[in-house]
Amino acid sequence: MASASSNPLAVLFDVDGTLVDSNYLHVHAWARAFREESIDVESWRIHRSIGMDGSTLVATLSGDASHAVQQRLKDHHGSFFRNTAELIVRLPGARELLHHLAEHGVRVVLASSAPDDELSIARKVLDSDDAIAAATSSKDVDTAKPDPGIVRVALERAGVSAEQAVFVGDAVWDGQAATRIGVPFIGLRCGGVADSELEKAGAQAVFDDPRDLLQRLETSVIGARIGEDARSEK
């Protein structure tokens, strides 16, 4: 049952690769986009950049491509990705985790830097709007992860400080963005990133996917905070 704690907890979630299984669709869409512009970029390099700010990803991987080419790359990616929308599915336990947290008084925030149209697709797949207190998108910041701007906006919308929040994500960029402003980071393997890299990016713990996190929630900083709040209310 939800509580009205004077010291609320917010859990900020990355979306792509954390709650919905979309990372490899993004890789494919970017690979097609680069081929469209006759730029050779290996898929593994793209995968290692997923979760990074889109403009930064394009600038990093396209070399000295002109601004016009970089903009076309982003447009191509958006079009190719939207064409695969029917392939996006929830990651195991994603819906259950969001609802479990909301039922325990946790403020659930989607701290995404995806464009509004892509975020809308993901939210439809998640089918959990009744558990989500707030969300961010690419329009909220000029530069996304690993810049911590999107995390700051998510904190503001949750109405909490960094000390009252935990960030859950699948990419090193999530960890770097969160830890730069003092938000504890939990890593998930379902985005395809190794434990060692997530831990280097600041992950306090690493779980397979949302279901694994839910099943072992008591062992995490999230579970510890929920337990503290429950004890303080007795």
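Computed over heavy atoms, backbone and side chain alike; hydrogens, waters and symmetry mates excluded. None of the values given here were measured: they were computed from a predicted structure.
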Engineer: Using the rule that two of Ile, Leu, Val, Met, Phe, Trp, Tyr join whenever any of their side-chain heavy atoms come within less than 4.5 Å, decide whether Leu9 and Leu213 are in one cluster.
Structural biologist: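 Both belong to a single hydrophobic cluster.
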Engineer: Donor-acceptor pair, Arg90 side chain versus Asp127 backbone, under 3.5 Å?
Structural biologist: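 Side chain of Arg90 to backbone of Asp127: no pair is present.
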Engineer: Check the hydrophobic clustering (I, L, V, M, F, W, Y; side-chain heavy atoms under 4.5 Å; chains of links allowed) and say if Val183 and Val106 are grouped together.
Structural biologist: no
Engineer: Among Val160, Val151, Asp174, find the residue that satisfies the side chain to side chain contact (heavy atoms under 4.5 Å, CB included) test when tested with Leu12.
Structural biologist: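 Answer after filtering Val160, Val151, Asp174: Val151.
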Engineer: Decide if atom CD of Glu218 counts as having more than 12 heavy atoms of other residues, nucleotides or ligands within a radius under 6.0 Å.
Structural biologist: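 No, because the 6.0 Å sphere around CD of Glu218 holds 12 heavy atoms or fewer from other groups.
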Engineer: Under a single-linkage definition using a 4.5 Å side-chain heavy-atom cutoff for Ile, Leu, Val, Met, Phe, Trp and Tyr, are Val193 and Tyr24 assigned to the same hydrophobic cluster?
Structural biologist: no
Engineer: Measuring from atom OG of Ser49 to atom CH2 of Trp30, what distance do you get when rounded to the nearest 0.5 angstrom?
Structural biologist: 10.0 Å
Engineer: Is Val109 reachable from Ile181 through a run of hydrophobic residues whose side-chain heavy atoms are each under 4.5 Å from the next?
Structural biologist: yes
Engineer: Working to the nearest 0.5 Å, report the span between CD of Glu163 and CG of Leu155.
Structural biologist: 9.0 Å
Engineer: Do Trp173 and Val153 sit in the same hydrophobic cluster, where Ile, Leu, Val, Met, Phe, Trp and Tyr count as joined when their side-chain heavy atoms come under 4.5 Å apart?
Structural biologist: yes
Engineer: Examine distances only and state if a side-chain atom of His47 and a backbone atom of Gly191 form a donor-acceptor pair shorter than 3.5 Å.
Structural biologist: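 Looks like yes, one N/O pair under 3.5 Å.
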Engineer: Starting at CZ of Arg48, measure out to CG of Leu57 and round the result to the nearest 0.5 Å.
Structural biologist: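 Answer for the CZ-CG pair, Arg48 versus Leu57, is 13.0 Å.
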Engineer: Rounded to the nearest 0.5 Å, what separates atom CG in Leu188 from atom CG in Leu91?
Structural biologist: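 So the CG of Leu188 and the CG of Leu91 are separated by 8.5 Å.
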Engineer: With a 6.0 Å cut-off on the ring centroids, do Phe34 and His77 count as close?
Structural biologist: no
Engineer: Using modelled atom types and a 3.5 Å cut-off, is there a donor and acceptor pairing between side-chain atoms of Asn83 and backbone atoms of Phe80?
Structural biologist: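 Not at all, since once roles are kept as given, no pair shorter than 3.5 Å links the two residues.
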Engineer: Which atom names give the shortest non-hydrogen contact between Ala122 and Val15, and what distance separates them?
Structural biologist: CB-CG1, 3.6 Å
Engineer: Any donor and acceptor pair, going by atom type alone, linking the side chain of Ser112 with main-chain N or O of Asp14 inside 3.5 Å?
Structural biologist: no
Engineer: Gln164 side chain to Ser161 main-chain N or O, any donor-acceptor pair under 3.5 Å?
Structural biologist: yes
Engineer: Looking at Arg157 and Thr136, what are the two nearest heavy atoms and their distance?
Structural biologist: NH1-CA, 3.8 Å
Engineer: Please tell me if the side chains of Val41 and Ile46 come closer than 4.5 Å, counting only heavy atoms from C-beta onward.
Structural biologist: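 Of all side-chain heavy-atom pairs linking Ile46 with Val41, at least one is under 4.5 Å.
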Engineer: Please check if the side chain of Glu96 supplies one atom and the backbone of Arg211 the other of a donor-acceptor pair under 3.5 Å.
Structural biologist: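 Judged by distance alone, no pair lies under 3.5 Å.
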Engineer: Kindly say whether the aromatic ring centers of Phe81 and His26 come within a distance under 6.0 Å.
Structural biologist: yes
Engineer: Tell me whether the count of non-hydrogen atoms from other residues, nucleotides or ligands lying under 6.0 Å of CG in Asp130 goes above 12.
Structural biologist: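 It does: Asp130 CG has more than 12 such atoms within range.
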Engineer: Are the side chains of Asp21 and Leu87 in contact, using a 4.5 Å heavy-atom criterion?
Structural biologist: no
Engineer: When you look at Ser196 and Glu199, which way does the side-chain hydrogen bond (donor to acceptor under 3.5 Å, both in side chains) test go after all the steps?
Structural biologist: CA-CA 5 Å; Ser196 59; Glu199 290 164 355; over 6 Å; no
Engineer: Can you name the nearest heavy-atom pair linking Asp147 to Ala177, along with the distance?
Structural biologist: O-CB, 3.8 Å
Engineer: Could you tell me which non-hydrogen atom of Ser128 sits nearest to which non-hydrogen atom of Arg95, and how far apart they are?
Structural biologist: OG-CG, 3.1 Å
Engineer: Check whether any side-chain heavy atom of Pro210 lies under 4.5 Å from a side-chain heavy atom of Phe13, and answer yes or no.
Structural biologist: no
Engineer: Between atom OG1 of Thr219 and atom CG of Leu217, what is the distance when rounded to the nearest 0.5 Å?
Structural biologist: 7.5 Å
Engineer: Show your reasoning for whether side-chain contact (heavy atoms from CB on, under 4.5 Å) applies to Asp53 and Val141.
Structural biologist: CA-CA 10 Å; Asp53 172 71; Val141 291; over 6 Å; no
Engineer: Taking the side chain as C-beta and beyond, is there a heavy-atom pair between Val172 and Lys200 under 4.5 Å?
Structural biologist: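 They are not in side-chain contact.
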Engineer: Under 4.5 Å between any side-chain heavy atoms of Val168 and Ile222, yes or no?
Structural biologist: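 Yes, at least one pair of side-chain atoms sits under 4.5 Å.
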Engineer: Return the CD to CG distance between Gln215 and Leu97, rounded to the nearest 0.5 Å.
Structural biologist: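 Output value for this atom pair is 10.5 Å.
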Engineer: Counting distance only, does the side-chain N/O of Thr18 pair as donor-acceptor with the main-chain N or O of Asp170 below 3.5 Å?
Structural biologist: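 It does hold such a pair.
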Engineer: Of all heavy-atom pairs between Ser137 and Asp116, which one has the smallest distance, and what is that distance?
Structural biologist: OG-OD1, 2.7 Å
Engineer: Might you point out which heavy atoms bring Ile88 and Leu25 nearest each other, and give the distance in Å?
Structural biologist: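 Shortest heavy-atom contact: CG1-CD1, 3.6 Å.
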Engineer: Knowing that exactly one of Val166, Leu198, Val11 qualifies, which makes a side chain to side chain contact (heavy atoms under 4.5 Å, CB included) with Ile186?
Structural biologist: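 Of all the options given, the one that passes is Val166.
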